[in-house]
Amino acid sequence: MATFVDIQPTQQLDPIKGVKKMPLEEFFTSGHRTCQGCESALVMKLMAKAAGPRTVVLGSTGCMYVANTTYYSTSWVVPWMHTQLGSSGSAAMGAASGLKALMRKGKIKDEPINVIAFCGDGGGADMGLSAISAALTHPDYNLLILMYDNESYANTDIQLSGSTPYGAHTTFSPPGKMKRIMHHRWKKNMAGMLAAGHPTCKYIATVCMSYPLQAMNSVRKALSIGGPTFIHSLDPCPKGWDYDPMQSHEMGELAVTTGVWPLYEVEEGVIRLYGKTKEIAEGRYKRFPVRDYLLRQGRFAHFTDDDIDYFQSKVDQMWDKWLVPGVIPFLKEVETDHPPK
Amino acid sequence: MAQAVASLEQQADKTALITGSEAIAVACKLADVDVITAYPIRPYDTVMQYVAKLVANGELDCEYIVAESEHSQFEIVKHASAVGARVFCGSSGVGWMYAFEALTVTPGLRIPMVAMVGNRALDDPGAFGVEHNDALAVRDLGWQLVWVDNPQEALDTALIAYRVAEDRRVFLPCAISCDGAFLTHSQALVKIPSQEKVDAFLPPYNRGDLLLHPDNPITVAPQVNEDWLMEIRRQTAAAMERAYTVIREAYAEFEQIFGRRYGNPFFEEYQTEDAEIVLVGMGTLSTPVKVAIREMRKEGKKVGFVRVRWFRPFAAEELAKTLGRFSAVGIIDRDFSLGSPYLSGVLATEVRAAMYPAAKRPPMLDFICGLGGREVTLPDVKKMSDIVYHAAEGKPQPLTQWIGLRE
Ligand SMILES: Cc1ncc(C[n+]2csc(CCOP(=O)(O)OP(=O)(O)O)c2C)c(N)n1
Ligand code: SF4
Ligand SMILES: [Mg+2]
């Protein structure tokens, strides 16, 4: 059966077996100027470490551009190029297709080179959605798009994006005398949407750098599996979320243990929950109340009990009602109410 | 070398009856382009239909990507060019405008992309026909802009565009403007040169120390702010300044290898030697203008025509010197620039600016004509010439007039 897909071999990056087995070389080093406790900077560092030296990185506008690549003090050891805010998908396609054409035509050495384009939630889930979606439908290019989600347009002073959680206080959604909740949209289900909508994409995963080993191995799998892949990382952001920078790691853990941020990977169409998320799904771990997570962050300081209850009910729904808990938001009742005859 | 070139010149060209769009697709094949991105919009998209056929038939080996928007179309080739691939892209009208952000950043990144603009009126209201405002919108940004008026020139200019854009002294993108319908869809006999000639003319794209590759781990386009932006802008400006020389060199060598002569690369002069007045314009309106000039000359009116090819870089001094020879000048704008000085079009505004320091400044009138693909007719050209003659005789005329307009 001819598929007409013409794909090059990838680098085969073995899973890292434990923290002590992590490679020592850094490919994202000193020179950056992110806030103290910035989890997104850690994502960059460990993503680069997982990918290794034969990698090209393309970065969309956002904190991870502006704060990371000050002229003369770039933190990137691997080749890096700025790409426009909504262009992560196109940037990855461009670099991957260029390298592929040059190698096929014998114009440069034929070798697997990782292509990673990263974007923030604003650049990715809002502006760049169309280009990311397009990239994921092209089976012929080896590339990874990594979306670091700090849940706001952070670089421009913390404005709400389609990935900002319900009710959060941002500079575009300040609580006021008439309206306590200015932002009343529910966060986009980016990874689930991409997994459901791009059936030929071989790998889509969610990660959180509070679980660095899993996240790095996710990057390695995405780069090794072949074709276009996508990783969505939830990154606590002390400036935007308003908490003490030293709590970043803990904040990521809380996002997972409260069930707000499910960890999963969809590999060749097969969904696998992992880490604490898997334990929650299997009933081996009781979700923490979202209150424990929300009230640790200044951006939810204006929440009343009612608001917290609403938030909790939406998270409960995710776990109790969704067809695939935490991933696919179709309600199971549809099936139970009308069993197929 | 001289001998090799001589033997190349003797190689017979193939002749084919093709449109302007197909001519550019053939140039892509001859230039061995590596990555091409497409998105549909009339009238430029015919070029991508021809490219797709070439790819499907195995005549062109490239990554051919149908993008999901023009923005992505231009961003994809931008990044492909950064890793060292020769690229081609294009658009028309609002499609070109949809890509505007990508177009904006490309010159500063020193990406030698070659693009085709199938000139088309901007919406709203809808019109498929030619206007030049789409391509002209990038005139301040570092794009080289060239207008051609027949399929042969389209093919030749595409090859020249790659050679100039990819010259390390330049490294700036180049857009080739082809009037919608009148050129994109009109056929003419075109001499298609041999691959050997093209290879002798066009060296491989070498991105050098700007290459984005693990063997050359650079950081491209870091955050520079007020510390460095001005110096970097100045470097881009200097590249555009060097383009004058590189364009001249390219045309000279083109003539040597291909045996076709374009004269002054920047503008074409038609029957100007003894002309009293001249018309100035860009693109395919050259056809009705030239026919009308031949008719008017039978009536003893010595009218000439100057067709501007390269709008960026703009050959200001040379053009000013040329236009200074005539007793009045009429500029035909197939574009508009609402609220501009004297409510003129873009070309007239530029030509007036070019003329200001000149020793001899004849009266200069602007005509807005042929918008939205409306035909520029022989009576239109004669009417404009008459008005220019009046100005030459010292009778005051309005500085800008709309011609061929239903009142
Ligand atoms: C086309 C465009 N619109 C707006 C901006 C301004 N801008 C720069 S960074 C940024 C924030 C991007 O947010 P996100 O992608 O979430 O990244 P973060 O800053 O949060 O890291 C914005 C809106 C831009 N650079 N380009
Ligand atoms: S605002 Fe947030 S994402 Fe941006 S640098 Fe600071 S902590 Fe990192
Ligand atoms: Mg963000």
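Interface summary for chain B: among A/Lys109, A/His138, A/His82, the most heavy-atom pairs under 4.5 angstrom belong to A/His82. Heavy-atom pairs under 4.5 Å with chain A peak, among B/Pro214, B/Ala85, B/Ala80, at B/Pro214. Comparing B/Val66, B/Asn216, B/Ile218 by how many heavy-atom pairs each has under 4.5 Å with chain A, the most go to B/Ile218. Each of A/Pro79, A/Gly59, A/Gly98 has some count of heavy-atom pairs under 4.5 Å with chain B, and the biggest count is that of A/Pro79. Of the listed residues (A/Arg104, A/Lys100, A/Met93), the greatest number of heavy-atom pairs within a distance under 4.5 Å of chain B belongs to A/Arg104.
Heavy atoms closer than 4.5 Å to chain B are found nowhere in A/Val57, neither backbone nor side chain. Heavy atoms of A/Ser130 lying under 4.5 Å from chain B belong to its backbone as well as its side chain. For A/Val66, the parts sitting under 4.5 Å from any heavy atom of chain B are the backbone and the side chain alike. Proximity to chain B (any heavy atom under 4.5 Å) is shown, for A/Leu99, by both the backbone and the side chain. Within the 4.5 angstrom heavy-atom criterion, only side-chain atoms of B/Val35, from C-beta onward, approach chain A. Neither the backbone nor the side chain of B/Asn225 comes within less than 4.5 Å of any heavy atom in chain A. For A/Thr83, the parts lying under 4.5 angstrom from a heavy atom of chain B are both the backbone and the side chain. Contacts between A/Lys107 and chain B at a heavy-atom distance below 4.5 Å involve the side chain alone, from C-beta outward. Proximity to chain A involves both the backbone and the side chain of B/His213, based on heavy atoms less than 4.5 angstrom apart. Of the atoms belonging to B/Asp215, heavy atoms from both backbone and side chain fall under 4.5 Å from chain A. Contact annotation for B/Val87: neither backbone nor side-chain heavy atoms come within less than 4.5 Å of a heavy atom of chain A. Residue contact with chain A, scored on non-hydrogen atoms closer than 4.5 Å, is absent for B/Leu211.
In this structure, CG in A/Leu58 is found 9.5 Å from NZ in B/Lys78, a value given to the nearest 0.5 Å. For the atom pair CD (A/Gln84) and CD (B/Glu75), the distance works out to 5.5 Å, reported to the nearest 0.5 Å. Annotation: the span from B/Ile65 atom CD1 to A/Ser97 atom OG amounts to 3.5 Å, rounded to 0.5 Å. For the atom pair CH2 of A/Trp80 and CG of B/Leu212, the computed distance is 10.0 Å after rounding to the nearest 0.5 Å. Atom NE2 of B/His79 sits about 8.0 Å away from atom OG of A/Ser90, to the nearest 0.5 Å. Between B/Gln223 atom CD and A/Asn155 atom CG the span is 7.5 Å, to the nearest 0.5 Å.
Shortest non-hydrogen contact noted between A/Ala101 and B/Glu63 is CB-CG, 3.8 Å. Residues B/Pro222 and A/Tyr71 come closest through the heavy atom pair CG-CD1, 3.4 Å.
The neighbour count for B/Arg233 CZ, taken as heavy atoms of other residues, nucleotides or ligands under 6.0 Å away, does not exceed 12. In the displayed structure, A/Glu111 atom CD is contacted under 6.0 Å by more than 12 heavy atoms of other residues, nucleotides or ligands. Surrounding CZ of B/Arg168 are more than 12 heavy atoms belonging to other residues, nucleotides or ligands, all under 6.0 Å away. Counting heavy atoms of neighbouring residues, nucleotides and ligands inside a 6.0 Å radius, atom CZ of A/Arg33 does not exceed 12 of them. Within 6.0 Å of OH in B/Tyr98 there are 12 or fewer heavy atoms belonging to other residues, nucleotides or ligands.
A/Lys105 contributes a side-chain N or O that, together with a main-chain N or O of B/Asp61, makes up a donor-acceptor pair within less than 3.5 Å.
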